[in-house]
Number of protein chains: 2
Amino acid sequence: MSSLKDPGSPWRASRERMRDREVKRDAVIRAAARAFNRKGYHNTSLDDIAAALEVTKPTVYYYVSNKEQLLFECFVAGIEGIRAAFRETRSLALPARERLKAVLRHYGEAVASEFGWCMVRAEDQDLSPDMSAHIKAMKSEIDQGIRRLLREGIQDGSIHPCDPKMTAFALAGALNWIAHWYRESQSMTGTEIAEAFIAVFERGLMPRSQNSNEDPTCRKSKSSSSRPGARRSARSKAPSRR
Amino acid sequence: MSSLKDPGSPWRASRERMRDREVKRDAVIRAAARAFNRKGYHNTSLDDIAAALEVTKPTVYYYVSNKEQLLFECFVAGIEGIRAAFRETRSLALPARERLKAVLRHYGEAVASEFGWCMVRAEDQDLSPDMSAHIKAMKSEIDQGIRRLLREGIQDGSIHPCDPKMTAFALAGALNWIAHWYRESQSMTGTEIAEAFIAVFERGLMPRSQNSNEDPTCRKSKSSSSRPGARRSARSKAPSRR
DNA sequence: TAGAATGGCTACCGGCGAGTATGATCCACG
DNA sequence: CGTGGATCATACTCGCCGGTAGCCATTCTA
(Lines give C-alpha, C1' and ligand atoms only; values in the text may rest on other atoms or scores of the structure.)
Protein backbone atom coordinates (compact mmCIF):
# COMPACT_ATOMS: atom_id res chain seq x y z
CA MET A 1 0.00 0.00 0.00
CA SER A 2 2.74 2.47 0.82
CA SER A 3 4.50 1.26 -2.31
CA LEU A 4 2.27 3.34 -4.52
CA LYS A 5 4.41 6.42 -4.16
CA ASP A 6 8.11 6.43 -4.73
CA PRO A 7 10.13 5.92 -1.58
CA GLY A 8 11.83 9.26 -1.72
CA SER A 9 8.62 11.22 -1.81
CA PRO A 10 8.20 13.88 0.84
CA TRP A 11 4.94 12.24 1.85
CA ARG A 12 6.52 8.99 2.84
CA ALA A 13 7.19 9.97 6.40
CA SER A 14 3.75 11.40 6.77
CA ARG A 15 2.18 8.25 5.49
CA GLU A 16 4.29 6.20 7.80
CA ARG A 17 2.98 8.29 10.60
CA MET A 18 -0.49 7.54 9.48
CA ARG A 19 0.25 3.87 9.55
CA ASP A 20 1.75 4.26 12.98
CA ARG A 21 -1.38 5.95 14.13
CA GLU A 22 -3.49 3.12 12.76
CA VAL A 23 -1.42 0.62 14.68
CA LYS A 24 -1.84 2.51 17.89
CA ARG A 25 -5.51 2.96 17.31
CA ASP A 26 -5.86 -0.76 16.85
CA ALA A 27 -3.97 -1.29 20.08
CA VAL A 28 -6.45 0.95 21.86
CA ILE A 29 -9.36 -0.99 20.47
CA ARG A 30 -7.83 -4.31 21.39
CA ALA A 31 -7.13 -3.11 24.89
CA ALA A 32 -10.71 -1.97 25.18
CA ALA A 33 -11.95 -5.33 23.97
CA ARG A 34 -9.87 -7.15 26.54
CA ALA A 35 -11.07 -4.86 29.31
CA PHE A 36 -14.72 -5.18 28.28
CA ASN A 37 -14.20 -8.89 28.11
CA ARG A 38 -12.91 -9.06 31.65
CA LYS A 39 -15.00 -6.49 33.47
CA GLY A 40 -17.90 -5.68 31.22
CA TYR A 41 -18.57 -2.48 29.35
CA HIS A 42 -20.06 -0.45 32.16
CA ASN A 43 -17.54 -1.56 34.73
CA THR A 44 -14.69 -0.48 32.52
CA SER A 45 -13.65 3.13 32.70
CA LEU A 46 -11.59 4.81 30.07
CA ASP A 47 -8.98 5.26 32.74
CA ASP A 48 -8.78 1.49 32.98
CA ILE A 49 -8.21 1.15 29.28
CA ALA A 50 -5.64 3.89 29.32
CA ALA A 51 -3.87 2.28 32.27
CA ALA A 52 -3.73 -1.04 30.47
CA LEU A 53 -1.90 0.74 27.67
CA GLU A 54 0.22 2.66 30.15
CA VAL A 55 -1.02 5.98 28.86
CA THR A 56 -3.61 8.41 30.14
CA LYS A 57 -7.21 9.02 29.28
CA PRO A 58 -6.75 11.96 26.92
CA THR A 59 -4.40 9.83 24.90
CA VAL A 60 -7.16 7.34 24.37
CA TYR A 61 -9.43 10.16 23.32
CA TYR A 62 -6.81 11.15 20.81
CA TYR A 63 -7.52 7.93 18.92
CA VAL A 64 -11.23 7.44 19.46
CA SER A 65 -13.93 10.00 19.90
CA ASN A 66 -15.78 8.40 22.80
CA LYS A 67 -16.45 5.24 24.71
CA GLU A 68 -19.41 4.26 22.63
CA GLN A 69 -17.35 4.29 19.47
CA LEU A 70 -14.86 2.06 21.20
CA LEU A 71 -17.52 -0.54 21.79
CA PHE A 72 -18.75 -0.17 18.25
CA GLU A 73 -15.30 -0.72 16.79
CA CYS A 74 -14.82 -3.80 18.91
CA PHE A 75 -18.10 -5.13 17.68
CA VAL A 76 -17.23 -4.52 14.06
CA ALA A 77 -13.84 -6.12 14.49
CA GLY A 78 -15.49 -9.20 15.89
CA ILE A 79 -18.24 -9.57 13.35
CA GLU A 80 -15.96 -8.93 10.41
CA GLY A 81 -14.51 -12.40 10.82
CA ILE A 82 -17.92 -13.94 10.39
CA ARG A 83 -18.78 -11.84 7.39
CA ALA A 84 -15.50 -12.88 5.85
CA ALA A 85 -16.41 -16.51 6.45
CA PHE A 86 -19.60 -16.02 4.49
CA ARG A 87 -17.77 -14.36 1.64
CA GLU A 88 -15.22 -17.15 1.44
CA THR A 89 -17.66 -19.98 1.52
CA ARG A 90 -20.13 -18.47 -0.88
CA SER A 91 -18.03 -19.47 -3.84
CA LEU A 92 -17.22 -23.00 -2.70
CA ALA A 93 -18.74 -25.78 -4.71
CA LEU A 94 -19.92 -27.83 -1.77
CA PRO A 95 -23.28 -28.96 -0.53
CA ALA A 96 -24.87 -26.32 1.65
CA ARG A 97 -24.41 -28.31 4.82
CA GLU A 98 -20.66 -28.31 4.34
CA ARG A 99 -20.66 -24.61 3.61
CA LEU A 100 -22.75 -24.03 6.70
CA LYS A 101 -20.30 -26.02 8.76
CA ALA A 102 -17.42 -23.97 7.43
CA VAL A 103 -19.23 -20.79 8.38
CA LEU A 104 -20.03 -22.10 11.83
CA ARG A 105 -16.40 -22.99 12.42
CA HIS A 106 -15.36 -19.44 11.65
CA TYR A 107 -18.28 -18.24 13.71
CA GLY A 108 -17.08 -20.14 16.74
CA GLU A 109 -13.59 -18.86 16.25
CA ALA A 110 -14.80 -15.28 16.09
CA VAL A 111 -16.93 -15.63 19.19
CA ALA A 112 -14.02 -17.14 21.10
CA SER A 113 -11.72 -14.35 19.98
CA GLU A 114 -10.90 -11.37 22.11
CA PHE A 115 -13.63 -9.45 20.34
CA GLY A 116 -16.20 -12.12 20.98
CA TRP A 117 -17.61 -10.50 24.07
CA CYS A 118 -18.17 -7.20 22.34
CA MET A 119 -19.68 -8.78 19.28
CA VAL A 120 -22.09 -10.87 21.23
CA ARG A 121 -22.99 -8.76 24.21
CA ALA A 122 -22.94 -5.26 22.87
CA GLU A 123 -26.33 -4.04 24.02
CA ASP A 124 -28.46 -1.81 21.90
CA GLN A 125 -29.16 0.37 24.89
CA ASP A 126 -25.52 1.26 25.27
CA LEU A 127 -25.29 2.68 21.79
CA SER A 128 -26.72 5.67 20.04
CA PRO A 129 -29.63 4.90 17.75
CA ASP A 130 -27.68 5.03 14.52
CA MET A 131 -24.85 2.82 15.75
CA SER A 132 -27.39 0.46 17.17
CA ALA A 133 -29.04 0.36 13.78
CA HIS A 134 -25.72 -0.47 12.14
CA ILE A 135 -25.16 -3.31 14.52
CA LYS A 136 -28.65 -4.63 14.13
CA ALA A 137 -28.20 -4.62 10.39
CA MET A 138 -24.97 -6.59 10.61
CA LYS A 139 -26.45 -9.10 13.02
CA SER A 140 -29.43 -9.52 10.77
CA GLU A 141 -27.14 -10.06 7.83
CA ILE A 142 -25.45 -12.94 9.65
CA ASP A 143 -28.75 -14.40 10.69
CA GLN A 144 -30.15 -14.22 7.20
CA GLY A 145 -27.00 -15.79 5.86
CA ILE A 146 -27.40 -18.79 8.13
CA ARG A 147 -31.05 -19.12 7.23
CA ARG A 148 -30.13 -18.99 3.58
CA LEU A 149 -27.62 -21.77 3.96
CA LEU A 150 -30.21 -23.83 5.79
CA ARG A 151 -32.75 -23.29 3.04
CA GLU A 152 -30.20 -24.17 0.40
CA GLY A 153 -29.29 -27.28 2.35
CA ILE A 154 -32.90 -28.34 2.52
CA GLN A 155 -33.19 -27.77 -1.19
CA ASP A 156 -30.09 -29.68 -2.19
CA GLY A 157 -30.92 -32.44 0.26
CA SER A 158 -27.89 -32.06 2.46
CA ILE A 159 -29.96 -30.79 5.39
CA HIS A 160 -33.07 -32.39 6.81
CA PRO A 161 -36.16 -30.21 6.35
CA CYS A 162 -36.67 -27.90 9.29
CA ASP A 163 -37.75 -24.40 10.19
CA PRO A 164 -34.81 -22.26 9.06
CA LYS A 165 -35.63 -19.43 11.42
CA MET A 166 -35.74 -21.46 14.61
CA THR A 167 -32.82 -23.60 13.56
CA ALA A 168 -30.72 -20.54 12.85
CA PHE A 169 -31.60 -19.17 16.27
CA ALA A 170 -30.57 -22.40 17.91
CA LEU A 171 -27.27 -22.63 16.05
CA ALA A 172 -26.32 -19.00 16.52
CA GLY A 173 -27.40 -19.07 20.15
CA ALA A 174 -25.27 -22.02 21.03
CA LEU A 175 -22.26 -20.44 19.38
CA ASN A 176 -22.86 -16.96 20.71
CA TRP A 177 -23.05 -18.33 24.19
CA ILE A 178 -19.46 -19.43 23.94
CA ALA A 179 -18.53 -15.84 24.69
CA HIS A 180 -20.13 -16.21 28.11
CA TRP A 181 -18.06 -19.07 29.36
CA TYR A 182 -15.00 -19.28 27.17
CA ARG A 183 -11.76 -17.85 28.44
CA GLU A 184 -8.56 -17.67 26.51
CA SER A 185 -5.87 -20.16 27.42
CA GLN A 186 -8.47 -22.84 27.82
CA SER A 187 -7.86 -26.34 26.64
CA MET A 188 -9.94 -25.96 23.52
CA THR A 189 -9.75 -23.41 20.77
CA GLY A 190 -12.79 -21.72 19.32
CA THR A 191 -12.69 -23.82 16.20
CA GLU A 192 -12.54 -27.00 18.23
CA ILE A 193 -15.56 -25.97 20.25
CA ALA A 194 -17.43 -25.13 17.08
CA GLU A 195 -16.43 -28.52 15.72
CA ALA A 196 -17.82 -30.26 18.79
CA PHE A 197 -21.04 -28.28 18.55
CA ILE A 198 -21.38 -29.07 14.88
CA ALA A 199 -21.05 -32.75 15.67
CA VAL A 200 -24.01 -32.44 18.02
CA PHE A 201 -26.11 -30.40 15.63
CA GLU A 202 -25.37 -32.55 12.66
CA ARG A 203 -26.07 -35.90 14.15
CA GLY A 204 -28.63 -35.08 16.79
CA LEU A 205 -29.09 -36.58 20.20
CA MET A 206 -31.30 -39.41 19.12
CA PRO A 207 -29.60 -42.72 18.49
CA ARG A 208 -29.61 -43.93 14.94
CA SER A 209 -31.54 -47.04 15.70
CA GLN A 210 -34.63 -44.99 16.40
CA ASN A 211 -34.88 -43.22 13.10
CA SER A 212 -37.40 -45.54 11.57
CA ASN A 213 -40.77 -44.60 12.97
CA GLU A 214 -40.02 -40.94 13.35
CA ASP A 215 -42.54 -38.43 12.16
CA PRO A 216 -40.84 -35.21 11.13
CA THR A 217 -42.36 -32.78 13.60
CA CYS A 218 -41.05 -29.99 11.52
CA ARG A 219 -42.95 -26.76 11.42
CA LYS A 220 -42.98 -24.79 8.22
CA SER A 221 -42.85 -27.87 6.07
CA LYS A 222 -44.38 -25.89 3.26
CA SER A 223 -43.52 -28.03 0.33
CA SER A 224 -40.79 -30.18 -1.07
CA SER A 225 -39.87 -31.36 2.36
CA SER A 226 -41.27 -34.81 2.16
CA ARG A 227 -40.68 -35.09 -1.55
CA PRO A 228 -37.74 -37.42 -1.80
CA GLY A 229 -37.14 -36.39 -5.36
CA ALA A 230 -36.25 -32.93 -4.11
CA ARG A 231 -32.90 -34.21 -3.02
CA ARG A 232 -30.61 -33.03 -5.75
CA SER A 233 -28.32 -35.41 -7.48
CA ALA A 234 -25.26 -33.24 -6.96
CA ARG A 235 -25.38 -34.05 -3.31
CA SER A 236 -25.65 -37.77 -3.54
CA LYS A 237 -22.05 -37.96 -4.65
CA ALA A 238 -21.07 -36.96 -1.12
CA PRO A 239 -17.76 -35.66 -2.38
CA SER A 240 -16.12 -34.22 0.67
CA ARG A 241 -16.73 -35.85 3.98
CA ARG A 242 -14.40 -33.59 5.95
CA MET B 1 -41.97 -15.78 63.52
CA SER B 2 -45.22 -13.97 64.27
CA SER B 3 -47.01 -16.56 62.21
CA LEU B 4 -46.44 -19.08 64.92
CA LYS B 5 -49.26 -17.56 66.90
CA ASP B 6 -52.84 -18.81 66.57
CA PRO B 7 -55.01 -17.26 63.82
CA GLY B 8 -57.29 -15.37 66.15
CA SER B 9 -54.43 -13.74 67.89
CA PRO B 10 -54.14 -9.97 67.96
CA TRP B 11 -51.15 -10.49 65.62
CA ARG B 12 -53.37 -11.38 62.76
CA ALA B 13 -53.60 -7.87 61.46
CA SER B 14 -49.91 -7.54 61.84
CA ARG B 15 -49.41 -10.69 59.85
CA GLU B 16 -51.55 -9.32 57.09
CA ARG B 17 -49.27 -6.40 56.97
CA MET B 18 -46.37 -8.72 56.68
CA ARG B 19 -48.05 -10.46 53.78
CA ASP B 20 -48.67 -7.12 52.25
CA ARG B 21 -45.03 -6.36 52.54
CA GLU B 22 -44.10 -9.58 50.80
CA VAL B 23 -46.47 -8.79 47.97
CA LYS B 24 -45.04 -5.33 47.56
CA ARG B 25 -41.53 -6.59 47.72
CA ASP B 26 -42.31 -9.02 44.94
CA ALA B 27 -43.78 -6.20 42.92
CA VAL B 28 -40.55 -4.26 43.35
CA ILE B 29 -38.52 -7.19 42.13
CA ARG B 30 -40.75 -7.79 39.17
CA ALA B 31 -40.58 -4.14 38.23
CA ALA B 32 -36.82 -4.30 38.46
CA ALA B 33 -36.75 -7.38 36.27
CA ARG B 34 -38.85 -5.68 33.63
CA ALA B 35 -36.69 -2.59 33.71
CA PHE B 36 -33.46 -4.57 33.48
CA ASN B 37 -34.99 -6.53 30.67
CA ARG B 38 -35.76 -3.40 28.70
CA LYS B 39 -32.83 -1.15 29.41
CA GLY B 40 -30.15 -3.32 30.93
CA TYR B 41 -28.89 -3.35 34.46
CA HIS B 42 -26.51 -0.42 34.26
CA ASN B 43 -28.84 1.75 32.29
CA THR B 44 -31.58 1.34 34.84
CA SER B 45 -31.54 3.67 37.80
CA LEU B 46 -33.42 2.96 40.96
CA ASP B 47 -35.40 6.07 40.20
CA ASP B 48 -36.58 4.34 37.04
CA ILE B 49 -37.75 1.33 38.96
CA ALA B 50 -39.45 3.52 41.53
CA ALA B 51 -41.13 5.53 38.81
CA ALA B 52 -42.45 2.36 37.19
CA LEU B 53 -44.10 1.55 40.51
CA GLU B 54 -45.24 5.14 40.95
CA VAL B 55 -43.31 5.52 44.17
CA THR B 56 -40.00 7.11 45.01
CA LYS B 57 -36.53 5.74 45.50
CA PRO B 58 -36.54 5.50 49.30
CA THR B 59 -39.63 3.33 49.06
CA VAL B 60 -37.71 0.89 46.94
CA TYR B 61 -34.91 0.95 49.46
CA TYR B 62 -37.45 0.15 52.12
CA TYR B 63 -37.94 -3.26 50.51
CA VAL B 64 -34.48 -4.09 49.24
CA SER B 65 -31.14 -3.10 50.63
CA ASN B 66 -29.45 -2.12 47.39
CA LYS B 67 -29.44 -2.43 43.65
CA GLU B 68 -27.20 -5.45 43.63
CA GLN B 69 -29.59 -7.42 45.80
CA LEU B 70 -32.33 -6.52 43.37
CA LEU B 71 -30.44 -8.14 40.55
CA PHE B 72 -29.67 -11.13 42.69
CA GLU B 73 -33.31 -11.67 43.61
CA CYS B 74 -34.32 -11.43 39.99
CA PHE B 75 -31.74 -14.01 39.11
CA VAL B 76 -32.91 -16.38 41.81
CA ALA B 77 -36.53 -15.94 40.77
CA GLY B 78 -35.60 -16.87 37.23
CA ILE B 79 -33.45 -19.87 37.97
CA GLU B 80 -35.85 -21.31 40.49
CA GLY B 81 -38.11 -22.40 37.67
CA ILE B 82 -35.36 -24.46 36.16
CA ARG B 83 -34.40 -26.05 39.45
CA ALA B 84 -38.02 -26.96 39.96
CA ALA B 85 -38.05 -28.59 36.55
CA PHE B 86 -35.16 -30.81 37.60
CA ARG B 87 -36.86 -31.77 40.83
CA GLU B 88 -40.07 -32.66 39.04
CA THR B 89 -38.50 -34.75 36.35
CA ARG B 90 -36.07 -36.57 38.59
CA SER B 91 -38.78 -38.93 39.75
CA LEU B 92 -40.34 -39.62 36.36
CA ALA B 93 -39.94 -43.13 35.04
CA LEU B 94 -38.96 -42.14 31.54
CA PRO B 95 -35.87 -42.64 29.43
CA ALA B 96 -33.35 -39.95 30.12
CA ARG B 97 -33.86 -38.27 26.77
CA GLU B 98 -37.50 -37.65 27.58
CA ARG B 99 -36.61 -36.30 30.99
CA LEU B 100 -34.02 -34.06 29.39
CA LYS B 101 -36.59 -32.78 26.96
CA ALA B 102 -38.97 -32.00 29.79
CA VAL B 103 -36.26 -30.06 31.57
CA LEU B 104 -35.36 -28.16 28.42
CA ARG B 105 -38.97 -27.17 27.89
CA HIS B 106 -39.12 -25.66 31.35
CA TYR B 107 -35.72 -24.15 30.73
CA GLY B 108 -36.96 -22.37 27.64
CA GLU B 109 -39.99 -21.16 29.46
CA ALA B 110 -37.89 -19.75 32.28
CA VAL B 111 -35.53 -17.98 29.90
CA ALA B 112 -38.43 -16.43 28.04
CA SER B 113 -40.01 -15.26 31.27
CA GLU B 114 -39.68 -11.76 32.59
CA PHE B 115 -36.80 -12.92 34.75
CA GLY B 116 -35.01 -14.50 31.83
CA TRP B 117 -32.77 -11.56 31.20
CA CYS B 118 -31.59 -11.37 34.78
CA MET B 119 -31.02 -15.07 35.01
CA VAL B 120 -29.03 -15.24 31.84
CA ARG B 121 -27.19 -11.97 31.71
CA ALA B 122 -26.43 -11.21 35.30
CA GLU B 123 -22.73 -10.59 35.14
CA ASP B 124 -20.39 -11.71 37.83
CA GLN B 125 -18.69 -8.36 37.78
CA ASP B 126 -21.86 -6.57 38.80
CA LEU B 127 -22.18 -8.59 41.99
CA SER B 128 -20.23 -8.81 45.19
CA PRO B 129 -18.01 -11.87 45.45
CA ASP B 130 -20.29 -13.86 47.71
CA MET B 131 -23.42 -13.26 45.65
CA SER B 132 -21.44 -14.03 42.54
CA ALA B 133 -20.40 -17.29 44.16
CA HIS B 134 -24.00 -18.12 44.93
CA ILE B 135 -24.99 -17.54 41.35
CA LYS B 136 -22.08 -19.50 39.99
CA ALA B 137 -23.05 -22.41 42.19
CA MET B 138 -26.62 -22.38 40.95
CA LYS B 139 -25.55 -22.14 37.33
CA SER B 140 -23.16 -24.98 37.84
CA GLU B 141 -25.91 -27.03 39.40
CA ILE B 142 -28.02 -26.59 36.30
CA ASP B 143 -25.13 -27.40 34.04
CA GLN B 144 -24.25 -30.52 35.97
CA GLY B 145 -27.87 -31.57 35.92
CA ILE B 146 -27.98 -31.42 32.14
CA ARG B 147 -24.74 -33.30 31.86
CA ARG B 148 -26.06 -35.95 34.19
CA LEU B 149 -29.16 -36.42 32.09
CA LEU B 150 -26.99 -36.71 29.02
CA ARG B 151 -24.82 -39.34 30.64
CA GLU B 152 -27.85 -41.24 31.81
CA GLY B 153 -29.29 -41.06 28.33
CA ILE B 154 -26.11 -42.41 26.84
CA GLN B 155 -26.20 -45.21 29.37
CA ASP B 156 -29.82 -46.18 28.84
CA GLY B 157 -29.42 -45.86 25.10
CA SER B 158 -31.89 -43.07 24.59
CA ILE B 159 -29.16 -40.60 23.64
CA HIS B 160 -26.45 -41.11 21.09
CA PRO B 161 -22.98 -41.19 22.66
CA CYS B 162 -21.44 -37.74 22.78
CA ASP B 163 -19.34 -35.48 24.95
CA PRO B 164 -21.74 -34.48 27.75
CA LYS B 165 -19.85 -31.32 28.57
CA MET B 166 -19.83 -29.84 25.10
CA THR B 167 -23.34 -31.00 24.38
CA ALA B 168 -24.63 -29.42 27.56
CA PHE B 169 -22.94 -26.18 26.59
CA ALA B 170 -24.56 -26.28 23.19
CA LEU B 171 -28.03 -26.99 24.54
CA ALA B 172 -27.89 -24.45 27.34
CA GLY B 173 -26.34 -21.85 25.07
CA ALA B 174 -29.06 -22.10 22.47
CA LEU B 175 -31.73 -21.80 25.14
CA ASN B 176 -30.02 -19.06 27.09
CA TRP B 177 -29.70 -17.03 23.97
CA ILE B 178 -33.46 -16.83 23.75
CA ALA B 179 -33.27 -14.10 26.36
CA HIS B 180 -31.36 -11.96 23.90
CA TRP B 181 -33.93 -11.87 21.17
CA TYR B 182 -37.21 -12.92 22.70
CA ARG B 183 -39.71 -10.26 23.60
CA GLU B 184 -42.97 -10.91 25.31
CA SER B 185 -46.08 -10.77 23.18
CA GLN B 186 -44.28 -12.52 20.38
CA SER B 187 -45.97 -15.13 18.31
CA MET B 188 -44.34 -18.03 20.09
CA THR B 189 -44.22 -18.86 23.76
CA GLY B 190 -41.09 -19.98 25.51
CA THR B 191 -42.19 -23.57 25.60
CA GLU B 192 -42.89 -23.55 21.90
CA ILE B 193 -39.47 -22.19 21.15
CA ALA B 194 -37.91 -24.82 23.34
CA GLU B 195 -39.94 -27.42 21.52
CA ALA B 196 -38.68 -26.21 18.17
CA PHE B 197 -35.09 -26.25 19.43
CA ILE B 198 -35.51 -29.72 20.85
CA ALA B 199 -36.71 -30.92 17.48
CA VAL B 200 -33.48 -29.64 15.94
CA PHE B 201 -31.25 -31.09 18.61
CA GLU B 202 -32.96 -34.41 18.71
CA ARG B 203 -32.97 -35.17 15.05
CA GLY B 204 -29.95 -33.28 13.85
CA LEU B 205 -29.44 -31.43 10.61
CA MET B 206 -28.24 -34.39 8.60
CA PRO B 207 -30.85 -36.15 6.52
CA ARG B 208 -31.62 -39.68 7.58
CA SER B 209 -30.53 -41.16 4.30
CA GLN B 210 -26.94 -40.24 4.98
CA ASN B 211 -26.48 -42.07 8.21
CA SER B 212 -24.76 -45.01 6.63
CA ASN B 213 -21.27 -43.80 5.93
CA GLU B 214 -21.06 -41.64 9.02
CA ASP B 215 -18.17 -42.04 11.34
CA PRO B 216 -19.14 -40.93 14.86
CA THR B 217 -16.74 -38.04 15.29
CA CYS B 218 -17.55 -37.89 18.94
CA ARG B 219 -14.78 -36.80 21.24
CA LYS B 220 -14.45 -38.29 24.67
CA SER B 221 -15.26 -41.72 23.35
CA LYS B 222 -13.48 -43.17 26.33
CA SER B 223 -15.12 -46.51 26.25
CA SER B 224 -18.45 -48.06 25.51
CA SER B 225 -19.21 -45.46 22.88
CA SER B 226 -18.29 -47.47 19.84
CA ARG B 227 -19.18 -50.73 21.47
CA PRO B 228 -22.55 -51.55 19.96
CA GLY B 229 -23.27 -53.96 22.75
CA ALA B 230 -23.15 -51.02 25.13
CA ARG B 231 -26.58 -50.02 24.03
CA ARG B 232 -28.68 -51.38 26.82
CA SER B 233 -31.44 -53.81 26.15
CA ALA B 234 -33.97 -51.75 28.08
CA ARG B 235 -33.76 -49.22 25.35
CA SER B 236 -34.24 -51.49 22.43
CA LYS B 237 -37.78 -52.09 23.52
CA ALA B 238 -38.46 -48.44 22.73
CA PRO B 239 -41.18 -48.25 25.34
CA SER B 240 -42.20 -44.63 25.06
CA ARG B 241 -41.66 -43.23 21.66
CA ARG B 242 -43.89 -40.25 22.35
C1' DT C 1 16.26 27.54 13.49
C1' DA C 2 11.37 29.00 13.03
C1' DG C 3 7.23 27.00 12.89
C1' DA C 4 3.88 23.51 12.25
C1' DA C 5 2.18 19.12 13.19
C1' DT C 6 1.86 15.32 16.14
C1' DG C 7 1.35 13.00 20.52
C1' DG C 8 0.83 13.07 25.12
C1' DC C 9 0.09 14.83 30.02
C1' DT C 10 -1.97 17.37 34.24
C1' DA C 11 -5.81 19.16 35.92
C1' DC C 12 -10.17 20.12 35.77
C1' DC C 13 -15.69 20.19 34.99
C1' DG C 14 -20.31 18.48 35.20
C1' DG C 15 -23.70 15.25 35.66
C1' DC C 16 -25.62 11.10 36.91
C1' DG C 17 -27.02 8.02 40.12
C1' DA C 18 -26.51 5.12 44.39
C1' DG C 19 -27.56 5.60 48.82
C1' DT C 20 -29.21 8.46 53.17
C1' DA C 21 -31.02 11.93 56.74
C1' DT C 22 -35.06 13.63 58.14
C1' DG C 23 -39.56 13.94 58.85
C1' DA C 24 -44.59 13.59 57.41
C1' DT C 25 -48.62 10.44 57.28
C1' DC C 26 -51.47 6.55 58.28
C1' DC C 27 -53.16 2.99 61.10
C1' DA C 28 -53.38 -0.57 64.72
C1' DC C 29 -53.66 -0.94 69.46
C1' DG C 30 -53.80 0.23 74.42
C1' DC D 1 -56.76 10.01 72.45
C1' DG D 2 -52.04 9.38 71.71
C1' DT D 3 -48.28 6.35 71.02
C1' DG D 4 -45.43 3.72 68.28
C1' DG D 5 -44.31 1.32 64.30
C1' DA D 6 -44.91 0.90 59.30
C1' DT D 7 -44.70 3.34 54.98
C1' DC D 8 -43.29 6.72 51.98
C1' DA D 9 -41.65 11.57 50.28
C1' DT D 10 -38.44 15.66 50.04
C1' DA D 11 -34.13 16.86 49.62
C1' DC D 12 -29.79 16.09 50.15
C1' DT D 13 -24.43 13.96 50.00
C1' DC D 14 -20.81 12.13 47.50
C1' DG D 15 -17.97 9.47 44.55
C1' DC D 16 -17.25 7.93 40.03
C1' DC D 17 -16.49 8.65 35.38
C1' DG D 18 -17.06 10.54 30.65
C1' DG D 19 -15.31 14.17 28.44
C1' DT D 20 -12.43 18.65 27.85
C1' DA D 21 -9.09 22.71 28.17
C1' DG D 22 -4.85 23.87 27.84
C1' DC D 23 0.01 23.09 28.22
C1' DC D 24 4.52 20.66 27.11
C1' DA D 25 7.70 17.58 24.29
C1' DT D 26 9.27 15.85 20.15
C1' DT D 27 9.72 15.51 15.33
C1' DC D 28 9.32 16.75 10.73
C1' DT D 29 9.32 20.66 7.17
C1' DA D 30 11.20 24.65 4.99
Hey, is the side chain of [X] poking within less than 4.0 Å of OP1 or OP2 on [N], counting only N and O atoms?
{"X": "B:Y62", "N": "D:dC8", "result": "no"}
{"X": "B:T59", "N": "D:dC8", "result": "no"}
{"X": "B:Y63", "N": "D:dC8", "result": "yes"}
{"X": "B:R21", "N": "D:dT7", "result": "yes"}

Between [N] atom [atom2] and [X] atom [atom1], what is the distance in whole Å?
{"X": "A:Y61", "N": "C:dG7", "atom1": "OH", "atom2": "P", "result": "19 Å"}
{"X": "A:D47", "N": "D:dG15", "atom1": "CG", "atom2": "P", "result": "17 Å"}
{"X": "A:D48", "N": "D:dC16", "atom1": "CG", "atom2": "P", "result": "12 Å"}
{"X": "A:E68", "N": "D:dG18", "atom1": "CD", "atom2": "P", "result": "13 Å"}
{"X": "B:N66", "N": "C:dG17", "atom1": "CG", "atom2": "C1'", "result": "14 Å"}

- Item | Side-chain donor/acceptor of A:K57 to base of D:dG19, under 3.5 Å | yes
Give one of base, sugar-phosphate or nothing for [X], where a contact means two heavy atoms less than 4.0 Å apart.
{"X": "B:T56", "value": "base"}
{"X": "A:T44", "value": "sugar-phosphate"}
{"X": "A:K24", "value": "sugar-phosphate"}

- Which of the following nucleotides, C:dG17, D:dA9, C:dG7, is nearest to the side chain of B:V55? D:dA9
- Do B:D130 and B:S128 have side-chain atoms, one donor and one acceptor, less than 3.5 Å apart? yes
- Task: State whether a side-chain donor-acceptor pair under 3.5 Å links A:D126 with A:H42.
- Result: yes
- Query: Using 30° and 60° as the class limits, which term best fits the ring planes of B:F36 and B:W117: parallel, tilted or perpendicular?
  - Reply: tilted
- Query: Taking the inter-plane angle between the rings of A:F201 and A:F197 on a 0 to 90° scale, is it parallel (under 30°), tilted (30 to 60°) or perpendicular (over 60°)?
  - Reply: perpendicular
- Stacked cation flag B:R25 on B:Y62, 6.0 angstrom / 45 deg: no
